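Okay, structure first, notes after.
Quick caveat: nothing in here was measured; it's all calculated off a predicted structure.
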Amino acid sequence: MAALNSIACRKPIVKSQSFLDFSPILPSTRLSHKTSSNLLKLNPKNRRNWVIQSVTEDKELALKKNSHSHEHKKLLFPNGSKTLEASSSEVGGGHGDDGDGHDDVEKLSSRAINASIVLGFGTLAVSKLLTIDHDYWHGWTLYEVLRYVPEHNWIAYEQALKANPVIAKMAISGIVYSIGDWIAQCYEGKPLFDFDRTRMFRSGLVGFTLHGSLSHHYYQFCEALFPFNDWWVVPAKVIFDQTVWAAIWNSIYYVVLGFLRFESSANIYKELKATFWPMLTAGWKLWPFAHVITYGVIPVEQRLLWVDCVELIWVTILSTYSNEKSEARITEPMMDADSNSLNNPPEE
């Protein structure tokens, strides 16, 4: 007992800061009753070193335990909670799947409507063309029916021109401009039945209300402006057509389409200014050759039909230019906003 009291009263042990600081941790497995007998057998110096070593080891174990608990928390809660993050991603994925499913349903319904429009109008047009002589089919063979279909449809068209030339030309221009815009959308990469109905309707409306009627009066005016039969008349008409009339019509087409898209006057003017000269010069690659036939061979009343056949190519170019400029104008602010957000991240 005297030896134990002398050990307890030694200053290095009593005043040891590490021993006092970690005295609550001393009841560890290393200081259990199994080792108490060994402690009595050691000399004072070895016992003191053994106690200090035990305290140091307990301190290291406590630090390791705390670090493992922190790592466990970090694994479980990297951004609030790993479980929460997984569950939120699963929930988000579920919502994404629902959104994708909803988009797929909308696309399928839109394609079904487009297919119904195309097949419906196509069937109606073909049936009207093929049944032009249905009142006289009695006793006719299939060969006779098909033989007289082109001739009798042409006769019906000429009769419509005589009865109401402006309405007939408006109808033809409306159909041609609608089909031309559809071809333009397919040329841009859209599937056959995945076209924009609103865009096609706008183009057809411009063709029906403006191109047919204005072209009818323009060709009458052009004949009155050049009432000659000399060799230079055809080149003069072509030059006049591809400078004055082309500039007027291209401007009308862009302006009216812009208003139908509910764009502002400033944006319409900007697009027209950017595309006016490129479109005018692009027309010079096609129309001078076509108009040599228009003004040199085709009669006045039949010119619009010939021009509308060539317009299928030209409207494709016109519609592509117009909608590319409009889409570029819409996407530019979005791209600028994205770049600004990347360059200037929000402060936390």
- Task: Any chance you could lay out the salt bridge (Lys or Arg N to Asp or Glu O under 4.0 Å) test for Glu263 and Arg202, step after step, and finish with the verdict?
- Result: CA-CA 14 Å; Glu263 297 180 1; Arg202 286 195 299 259; over 6 Å; no
- Would you please test Met200 and Asp196 for side-chain contact (heavy atoms from CB on, under 4.5 Å) and show each step? CA-CA 6 Å; Met200 187 178 70; Asp196 186 351; over 6 Å; no
- Item | side-chain contact (heavy atoms from CB on, under 4.5 Å) assessment of Asp194 paired with Lys107 | CA-CA 8 Å; Asp194 200 17; Lys107 287 182 179 179; 5.6 Å; no
- Task: Evaluate the side-chain contact (heavy atoms from CB on, under 4.5 Å) criterion for residues Ile252 and Leu214: first the C-alpha distance (whole Å), next the side-chain angles of each, then the deciding distance (0.1 Å), finally the verdict.
- Result: CA-CA 11 Å; Ile252 292 173; Leu214 292 178; 4.0 Å; yes
- Task: Report the C-alpha distance between Arg199 and Arg261 in whole Å, list the side-chain angles of each, state the deciding distance to 0.1 Å, and finish with yes or no for side-chain contact (heavy atoms from CB on, under 4.5 Å).
- Result: CA-CA 9 Å; Arg199 171 181 160 180; Arg261 287 194 294 258; over 6 Å; no
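Side-chain contact between Ser265 and Phe259 is present, with heavy atoms from C-beta onward closer than 4.5 Å. Annotation: side chain of Asp241 is not in contact with side chain of Cys222 (no heavy-atom distance under 4.5 Å). Two residues are said to be in side-chain contact when any heavy atoms from C-beta on lie closer than 4.5 Å; Val307 and Trp287 meet this criterion. Side-chain atoms of Val145 and Asp133, non-hydrogen and from C-beta on, never get closer than 4.5 Å to each other. Leu304 has its side chain within reach of His211: a pair of non-hydrogen atoms, C-beta onward, lies under 4.5 Å apart. In this structure, the side chains of Val256 and Thr209 stay at 4.5 Å or more apart for every pair of heavy atoms. For the pair Ile117 and Phe121, the minimum side-chain heavy-atom distance is below 4.5 Å. Within the 4.5 Å cutoff, the side chain of Val310 has no heavy atoms near those of the His291 side chain.
In this structure, Ile248 is a member of the same hydrophobic cluster as Leu210, with clusters built from ILVMFWY side-chain heavy atoms closer than 4.5 Å. In the hydrophobic cluster analysis, where Ile, Leu, Val, Met, Phe, Trp and Tyr join through side-chain heavy atoms closer than 4.5 angstrom, Phe208 is grouped apart from Leu305. Linking ILVMFWY residues whenever their side-chain heavy atoms come closer than 4.5 Å, directly or via other members, places Val297 and Trp231 in the same cluster. Criterion: ILVMFWY side-chain heavy atoms under 4.5 Å apart, direct or through other members. Under it, Trp154 and Leu130 are not part of a common hydrophobic cluster. By the criterion of side-chain heavy atoms lying less than 4.5 angstrom apart, applied directly or through intervening Ile, Leu, Val, Met, Phe, Trp or Tyr residues, Tyr136 is not grouped with Tyr143; the two fall into different hydrophobic clusters.
Interatomic distance, Trp284 CH2 to Thr243 OG1, rounded to the nearest 0.5 Å: 8.0 Å. Here Tyr219 contributes atom OH and Gln302 contributes atom CD; the two are 12.5 Å apart, rounded to the nearest 0.5 Å. Between the CZ atom of Phe221 and the CZ atom of Phe240 there is a distance of 5.0 Å, given to the nearest 0.5 Å. To the nearest 0.5 Å, atom CG of residue Leu124 and atom CG of residue Leu129 are 9.5 Å apart. Thr275 contributes atom OG1, which lies 10.5 Å from atom CG of Leu280 (distance to the nearest 0.5 angstrom). Separation of atoms OG1 (Thr131) and CG (Asn153) is listed at 8.5 Å; rounding is to 0.5 Å.
The neighbour count for His152 NE2, taken as heavy atoms of other residues, nucleotides or ligands under 6.0 Å away, is above 12. Surrounding CZ of Phe289 are at most 12 heavy atoms belonging to other residues, nucleotides or ligands under 6.0 Å away.
Between the side chains of Arg303 and Ser215, no donor-acceptor pair is found at a separation under 3.5 Å. Side-chain contact, Asp181 with Gln185: a donor N or O sits under 3.5 Å from an acceptor N or O.
For the salt bridge (Lys or Arg N to Asp or Glu O under 4.0 Å) condition, the pairs that include at least one residue of residues 160-174, sequence neighbours left out, are Lys169-Glu301.
Residue Trp306 comes nearest to Ala290 through the heavy atom pair NE1-O, 3.4 Å, listed as atom of the first residue, atom of the second, then distance. The minimum heavy-atom distance between Ser173 and Gly212, with the atom names listed, is OG-CA, 3.4 Å. Across all their heavy atoms, Gly180 and Leu312 have their closest contact at N-CD2, 4.1 Å. Residues Ser203 and Tyr253 share a closest heavy-atom pair of OG-OH, 3.4 Å. When every heavy atom of Phe195 is checked against every heavy atom of Lys190, the shortest pair comes out as CA-CD, 4.4 Å. The nearest pair of heavy atoms linking His216 to Pro165 is CE1-CB, 4.1 Å.
For Ala236, the side chain to side chain contact (heavy atoms under 4.5 Å, CB included) test picks out Phe226, Trp232, with sequence neighbours left out. Applying the side chain to side chain contact (heavy atoms under 4.5 Å, CB included) rule to Cys186 yields the partners Trp182, Leu192; only residues at least two apart in sequence or on another chain are considered.
Aromatic ring pairs are classed by plane angle as parallel below 30°, tilted from 30° to 60° and perpendicular above 60°; the pair Tyr177 and Trp249 is perpendicular.
Shown are Asn250, Val255, Asn267; of these, the side chain to side chain contact (heavy atoms under 4.5 Å, CB included) with Leu272 is made only by Val255.
Ring centroids of Tyr148 and Trp140 are separated by less than 6.0 Å, placing the two rings close together.
One N or O on the side chain of Ser109 and one on the backbone of Glu106 form a donor-acceptor pair closer than 3.5 Å.
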